[in-house]
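Counting starts at 1 for both ligands and their atoms, following the listed order. Remember, predicted model here, so these are calculated numbers, not experimental data.
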Amino acid sequence: MPLLTRIRGPRDLDRLSLEQLDQLAEEIRTFLVDAVSKTGGHLGPNLGVVELTIALHRVFESPKDKVLWDTGHQSYVHKLLTGRQDFSKLKMKGGLSGYPSQAESEHDIIENSHASTVLGWADGLAKANQVQKRDDHHVVAVIGDGALTGGMAWEALNNIADAKDRPLVIVVNDNERSYAPTIGGLANHLATLRTTDGYERFLAKGKDLLERTPVVGRPLYETLHGAKKGLKDFIAPQGMFEDLGLKYVGPIDGHDIEALESALARAKRFGGPVIVHCLTEKGRGYQPALQDEADRFHGIGPIHPDTGLPVKASGADWTSVFGDEMVKLGQEREDIVAITAAMLQPVGLKKFADAFPDRIYDVGIAEQHGAVSAAGLATGGVHPVFAVYATFLNRAFDQVLMDVALHKCGVTFVLDRAGVTGTDGASHNGMWDMSILQVVPGLRLAAPRDADQVRAQLREAVQVDDAPTVVRFSKGAVGPAVPAVGRVGGMDVLREPGTDTPDVLLVSVGALAPMCLEIAGLLEQQGISTTVVDPRWVKPVDEAMAPLAERHRVVVTVEDNSRVGGVGSAVAQALRDAGVDVPLRDFGIPPRFLDHASRAEVMAEIGLTAPDIARQVTGLVSKIDGRFEQSEVDSVEPARD
Ligand SMILES: Cc1ncc(C[n+]2csc(CCOP(=O)(O)OP(=O)(O)O)c2C)c(N)n1
């Protein structure tokens, strides 16, 4: 009789025997492999936390107690145990989110999915419990050894440790990996803890042994126990956490439900901040994941469940174009080094790392540190290329501004997954970079439109040695080359208007070039002549932009970035500064958080499609010169599939 389908909420776990809990764990693993192989998602991390999640929900009473997940990619089991078992549309429009989601469940609290924040959240929630005297409410935060490499986690620990009487349980989910094996001194420390027979276990064993020794036994045990810290460090070097003032429990076998429950129950009773160190295995129970050296199936697309092989062969993508060019640059220039924040493979730096193992730095999930360290590297005479997802650069804004730009450091930031990414939801869209970076003095920002431009602009970027440069590109497959038909200033002309008195100047940003050409085609059908220009470097605005704009009746900008403060705003400002009064219309992402759905669905929902934009531009032209009837404007929008 299957158990999983009978679990409607965490309290249904209470009446299960240990044996049944083990059966449930097995059912959950089967479910995860079956479901996630169809939709794609974070398989490896979830396979690793099955027992841990069961134990957490038996010991704590969610939602009264707050069970918090760092990053949230490992919350699928939590979803299953809190009434969400329809995974058929995981990460798809209308289906379950790939992360915790307040809209989905009262059991979900944090949905940011940017790593290393959970301890800050836990600190705040524990303070709120204390200040409101809710003594029977608990806060438990689960953080991976990877997320623990982030500075924010340590800022929080510093605060958490300050209040000895404020209960807070921190579960370190130690699987020794971020995507790849976790790096650094902290990882080494955890490894020492992992391999040492825990102090608690030593004491238990010792007590047992000594108590069986008449006369000297008991007093000796007491003396040993009294010696406490020195002895503890001798037996199990848990010093770092305990020195901070945090009770340390562990290491615990993270796949032994009974041991987990016992440790968590003790931690819950403790009455102060306590760390429960759990050892888990990423990809547990699924051979293809366990055999995947790169990342244990951290995040996958649809796969054949029996083999773990992808259903669709992946074509050339933006990331690999960048990765291959980096290897060439590395061969040509010994001063080029690369940085990743715990995402070597996803950002395309694996080949570079293999070719130049002494010139790659994995800094951990530490984007801020990565940026400052890059400033140091540049000041020291080399040229760092820091490859990072666009959304995660948000973390390092101040460092880009105050360390890299203010110090005129030649650092190149390569922003992968820029623009709408879709299925990972609000937090993963790279839709802020071109706004926040606009304000950075001296920074130059490139938005390549195709693979050739990625290569060319990366090369241009690493030539700049006295200012930050940024190259941003999209997620997924890179389309065919979009050839230039001319050049104005530093800008590529992608389409000439075919008249000396053109109507529209369409400024296309990055990967949206094919869509912009389609818009121009639709406009032409309406008799609206259009120049399409790709500025290539969108910051600073090219000096040729204003004179070019002046020759048109309307300027239209199209970007996959927030409309607020993005390229459109910058172009508008440049035109104003130059005294050019041509009306400008800027198309981009509205300033709101976007629900998860496919990229195409999101783009359609926010009106970033060729027909939508063409229709609006037709309306605008019509308003300016009264050329069209409303029915003609409406007709620009062909029926959608
Ligand atoms: C600020 C930030 N940088 C990078 C990432 C991408 N990322 C998601 S999960 C992950 C690894 C997390 O490792 P760990 O915390 O140990 O969890 P595990 O997947 O091993 O369970 C990374 C780097 C992120 N979510 N947030």
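Note: His596 and Tyr99 fail the aromatic proximity criterion, with ring centroids not under 6.0 Å apart. For His78 and His57, the ring centers are positioned less than 6.0 Å apart. Here the two rings, on His369 and Tyr361, have centers that are 6.0 Å apart or farther.
Of all atoms in ligand 1, numbered sequentially from 1 with element shown, those under 4.0 Å from a heavy atom of Met343 are 4 (C), 6 (C), 23 (C). Counting the atoms of ligand 1 from 1 in the order shown, those under 4.0 Å from a heavy atom of Asn173 are 21 (O). Those atoms of ligand 1 that come under 4.0 Å of a heavy atom in His73, given as number and element, are 9 (S), 17 (O), 18 (P), 19 (O), 21 (O). Residue contact check: His298 has heavy atoms under 4.0 Å from atoms 9 (S), 10 (C), 11 (C), 19 (O) of ligand 1. Heavy-atom contacts of Gly146 reach the following atoms of ligand 1: 13 (O), 14 (P), 15 (O), 16 (O) (cutoff under 4.0 Å). Below 4.0 Å from some heavy atom of Arg177 lie the following atoms of ligand 1, by number and element: 13 (O), 14 (P), 16 (O), 20 (O). Applying the 4.0 Å criterion to heavy atoms of His114 picks out, from ligand 1, the atoms 26 (N). Every atom of ligand 1 is numbered from 1 in the order shown, and the set under 4.0 Å from a heavy atom of Arg395 is 1 (C).
Considering backbone and side-chain N/O of His428, none are found under 3.5 Å from N/O of ligand 1. Remark: ligand 1 and Asn175 share an N or O pair separated by less than 3.5 Å (distance only, no angle test). Considering backbone and side-chain atoms together, Ala341 places no N or O closer than 3.5 Å to any N or O of ligand 1. Checked by distance only, ligand 1 and Pro45 stay at 3.5 Å or farther apart across all their nitrogen or oxygen atoms. The shortest N or O to N or O distance between Ala115 and ligand 1 is below 3.5 Å. Checked by distance only, ligand 1 and Thr182 stay at 3.5 Å or farther apart across all their nitrogen or oxygen atoms. Between Thr71 and ligand 1, not a single N/O pair is under 3.5 Å apart.
For Ser113, every heavy-atom contact with ligand 1 shorter than 4.0 Å involves the backbone, none the side chain. Counting heavy atoms closer than 4.0 Å to ligand 1, residue Ile143 contributes nothing at all.
For atom 24 (C) of ligand 1, the nearest protein heavy atom (residue, atom name, distance) is Phe392 CZ, 3.2 Å. Looking only at heavy atoms of the protein, atom 22 (C) of ligand 1 is closest to Tyr179 CE1, 3.4 Å.
The environment of Asp595 atom CG is sparse: at most 12 non-hydrogen atoms of other residues, nucleotides or ligands sit within 6.0 angstrom. More than 12 heavy atoms of other shown residues, nucleotides or ligands fall within 6.0 angstrom of atom NZ in Lys268.
Ring pair His298/Tyr179 is parallel by interplanar angle, where below 30° counts as parallel and above 60° as perpendicular.
Counting only distance, with no hydrogens or angles, the side chain of Gln368 and the backbone of Asp398 share no donor-acceptor pair below 3.5 Å.
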| said: salt bridge (charged side-chain N to carboxylate O under 4.0 Å, His left out), that's the test. Do Asp295 and Arg177 meet it? Break it down for me. | reply: CA-CA 8 Å; Asp295 65 12; Arg177 305 184 72 95; over 6 Å; no
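Across all their heavy atoms, Gly98 and Leu90 have their closest contact at CA-CD1, 4.4 Å.
Contact annotation: the side chain of Pro45 approaches that of Lys282 to within less than 4.5 Å [non-hydrogen atoms, C-beta and beyond].
Once rounded to the nearest 0.5 Å, the distance linking CG of Asn429 with CD1 of Ile589 reads 6.5 Å. One distance of note links CD1 of Ile143 with CD1 of Ile275; it measures 9.0 Å at 0.5 Å rounding.
Summarising the contacts of atom 15 (O) of ligand 1 with Ser178, Gly283, Ala147, Gly48, the nearest heavy atom is found in Ala147.
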